[in-house]
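Data block below; observations after.
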Number of protein chains: 2
Amino acid sequence: MSEQSTEPRPTLEAVAARAGVSRATVSRVVNGGDGVREPLVERVRQAVEELGYVPNQAARSLVTRRHDAVAVVIAEPETKVFADPFFALQLRGISKELTAHDSQLVLLLTEGRADHARVGRYLAGGHVDGALVFSLHLDDPLPGLIHGVPTVYGGRPGWIDGSRGAVYVDCDNRGGAREAVRHLVGLGRRNIAHITGALDQTSAVDRLDGFRDVMVDADPKLIAEGDFTPGGGERAMRELLDRCPDLDAVFAANDLTAVGAMRVLRERGRRVPEDVAVVGFDDMLPFTEQADPPLTTVRQDIEEMGRLMARLLLRGLDRTSSASASGGLAGAPSSVVLPTTLVRRASA
Amino acid sequence: MSEQSTEPRPTLEAVAARAGVSRATVSRVVNGGDGVREPLVERVRQAVEELGYVPNQAARSLVTRRHDAVAVVIAEPETKVFADPFFALQLRGISKELTAHDSQLVLLLTEGRADHARVGRYLAGGHVDGALVFSLHLDDPLPGLIHGVPTVYGGRPGWIDGSRGAVYVDCDNRGGAREAVRHLVGLGRRNIAHITGALDQTSAVDRLDGFRDVMVDADPKLIAEGDFTPGGGERAMRELLDRCPDLDAVFAANDLTAVGAMRVLRERGRRVPEDVAVVGFDDMLPFTEQADPPLTTVRQDIEEMGRLMARLLLRGLDRTSSASASGGLAGAPSSVVLPTTLVRRASA
DNA sequence: CGCGTCATTGAGAGCGCTCCCTTTTCGAAT
DNA sequence: ATTCGAAAAGGGAGCGCTCTCAATGACGCG
């Protein structure tokens with residue numbers, strides 16, 4: 001372990017002394033320098049430099065009640081789902097945006113009920129300025145535990161009254177699904193099956209709805225439940241094949257599911273796309289491009305979603321602080337649904 | 001955005017008043033309750049409960065100089081690498097361990113030099129108690145920027161004097177590589193090739209060394225440089241095949257690389273494992289199990305590595321705080337190298 | 001030339017908590 | 001009973017910073 005430096009870090013006071021000014025002036029300079037005359041600014045800057053002064057965030061937070069930190073809550077009980085790069089991409093987007101606003105990212109991973117209580121306590125404890133919450137399942141108790149903490153959700157939350165002021169960022173799951181299925185229809189496929197995602201998540205439900213929008217009177221036998229994993233895709237594909245040997249297309253709720261499905265198809269001697277066309281969802285590289293055959297899929301910009309979530313939250317925080325001053329002119333940020341695009345590759 | 005609660009959160013003072021005791025007593029109870037008589041403890045507990053009191057971390061840190069927070073620095077310039085679940089698993093391990101010690105995880109993602117400066121400043125700023133640093137490349141300037149912050153590295157850092165007190169957690173890359181290659185030799189393979197990882201990382205170098213340990217006088221033509229990605233694996237595999245058409249086995253620096261290599265092998269009509277046996281490294285599920293054929297690989301327990309890193313760091317922090325009192329009796333934690341195991345599947 | 005006005009700067013009061021140190025309490029020993 | 005001493009509880013300083021407010025000085029105008 002690298003050694004611990006023992007000499008105390010310089011304080012505002014020290015900088016002030018060195019620059020021959022008052023604490024208040026140093027504070028002003030450090031926080032933007034408005035209303036301080038140029039020569040003084042320069043002197044203070046130099047003192048800061050020489051002493052290697054870094055503000056003590058704890059002391060600052062104590063008085064400002066801001067933390068310049070945002071919690072990212074990933075509530076994913078299943079370790080397996082962690083194997084998909086989804087979160088990594090979102091995190092990257094979030095991180096970039098937060099960094100640009102000098103905010104820190106506090107990561108809260110939960111699995112299981114006990115963790116929820118912990119996270120609730122943490123958020124309620126006012127340690128962070130806001131929260132970005134992911135992967136809510138329909139019955140998740142977390143939202144109830146979040147009081148008074150500005151929050152933006154990743155993906156449409158599932159509670160009944162879809163609004164309740166909850167702000168979220170999502171992609172157009174339903175529209176994307178429609179486009180995927182229409183594409184299959186356009187290819188002349190008639191027996192189009194769907195492997196759903198985990199139906200306790202709204203994204204899975206929305207994609208299923210999109211599928212049904214197009215296949216209005218689809219045989220229920222053509223719908224099998226998956227769970228967003230390759231394993232789930234395999235299982236569902238087997239069921240489907242057993243129930244409807246004559247299916248000629250599959251729309252899978254995500255790419256991982258599609259990969260699983262394609263494996264079973266190959267196993268059973270069906271050629272993709274000749275015998276069965278396959279469309280996925282997410283466009284998760286490198287899975288899709290390097291699948292065999294490369295996967296036709298619905299692209300959503302995951303990193304952008306993360307960035308947007310952070311941006312929305314930060315904007316909301318600004319509003320909160322300026323609201324009292326400006327009379328709350330700026331409207332509360334509202335949810336954003338990003339468009340999707342169909343990416344045609346070889347599988348359909 | 002969820003609404004902002006406006007009523008101020010209760011302070012120690014408020015709890016004290018409610019319980020009819022002094023601030024100091026409440027503080028004692030909140031921090032463990034030693035030296036407070038039972039009836040009082042109970043009264044205070046109840047007051048805390050009723051008021052929904054949560055300690056203000058900023059105020060606490062201000063005086064204790066502890067933050068109960070650890071930074072996790074992931075220095076990965078290449079977005080692509082983010083597509084592998086490696087970090088997600090490590091993070092999970094780290095998160096579990098930190099949670100168990102009531103510490104928070106501050107995630108610092110960097111790409112590019114500018115970010116390094118930012119991270120250096122942040123760490124030097126004493127916002128966290130320690131740091132866990134990943135994916136150091138050989139020329140990374142970050143270590144130089146970390147002064148006085150207890151740090152544990154993920155993977156052996158690459159600076160020349162392998163020690164300098166740096167604590168790290170790694171798996172036995174060299175030993176694992178040896179085992180993999182010996183396995184191939186045991187299979188009767190003679191023209192064994194190696195696709196390396198990104199050679200600016202010690203794990204890649206160590207695995208290459210392990211390869212050479214066994215293949216003492218391997219033809220340099222049988223070694224091609226990859227970068228831990230499927231794309232890199234493909235490229236390297238093509239080179240290898242062009243240079244040495246008679247190779248009968250490949251040891252890939254990681255599973256992703258192996259997947260890429262296998263794709264090229266299939267493309268070129270070589271059967272795995274009949275014509276060319278393939279061994280990977282990491283045992284990254286679900287890649288390995290679901291590869292076609294399922295991949296023989298060297299398993300390392302990634303999540304455990306993360307957990308261990310956190311544990312080492314926290315232990316070091318304890319030591320730091322108790323050192324002055326106990327005369328620094330407890331030894332500094334030292335690096336840990338975890339064993340690997342060969343997992344035999346179908347590819348070799 | 002004096003006074004009002006505005007822009008700068010300084011002084012000081014806390015933010016909520018921990019921890020040292022003093023005061024009180026209580027039980028045991030004389 | 002009285003004293004003593006340890007344990008328990010309270011008082012108060014102060015962590016490093018921001019922010020309000022007062023003091024200072026520069027400057028323009030009557």
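No hydrogens, no waters, no symmetry mates; every other heavy atom, side chains included, goes into these values. Just so we're on the same page: letters track the sequence lines, and every chain starts at 1. Quick caveat, the model's predicted, so the values are computed rather than measured.
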Can we say B:Arg307 and B:Glu303 salt-bridge, meaning some charged N sits less than 4.0 Å from an Asp/Glu carboxylate O?
-> yes
Within the distance-only criterion (no hydrogens, no angle test), does the side chain of A:Thr25 pair as donor or acceptor with the backbone N or O of A:Val21 below 3.5 angstrom?
-> no
Report yes if some heavy atom in the side chain of A:Leu338 is under 4.5 Å from a heavy atom in the side chain of A:Leu308; otherwise report no.
-> yes
Between atom CG in B:Asp34 and atom C1' in D:dA9, what is the gap in whole Å?
-> 15 Å
Between A:Val54 and A:Arg9, what is the shortest heavy-atom contact and its length?
-> O-NH1, 3.4 Å
Which nucleotides of nucleotides 18-27 of chain C have their base under 4.0 Å from a protein heavy atom (B), which only their sugar-phosphate (S), and which neither (-), written as one string 5' to 3'?
-> BBB-------
Look at the side chain of B:Asp129 and the backbone N and O of B:Val70, then say whether any donor-acceptor pair between them is shorter than 3.5 Å.
-> no
A:Asn56 has a side chain; which of D:dA9, D:dC15, D:dC17 sits nearest to it?
-> D:dC17
Rounded to the Å, how far apart are B:Leu62 CG and C:dG14 P?
-> 17 Å
Gap between atoms CG and P, on A:Asp68 and D:dC17 respectively (whole Å) = 15 Å
Over how many whole Å does the gap from A:Gln57 atom CD to D:dG16 atom C1' extend?
-> 12 Å
Figure out the CD/P separation between B:Glu13 and D:dG11, and round it to whole Å.
-> 10 Å
Toward the 5' end of DNA chain D, which comes first, B:Gly35 or B:Arg65, by nearest nucleotide?
-> B:Gly35
Should A:Ser22 be listed as having a side-chain N or O under 4.0 Å from OP1 or OP2 of C:dA11?
-> no
Under the salt bridge (charged side-chain N to carboxylate O under 4.0 Å, His left out) test, residues paired with B:Arg23 that sit two or more places apart = B:Glu13
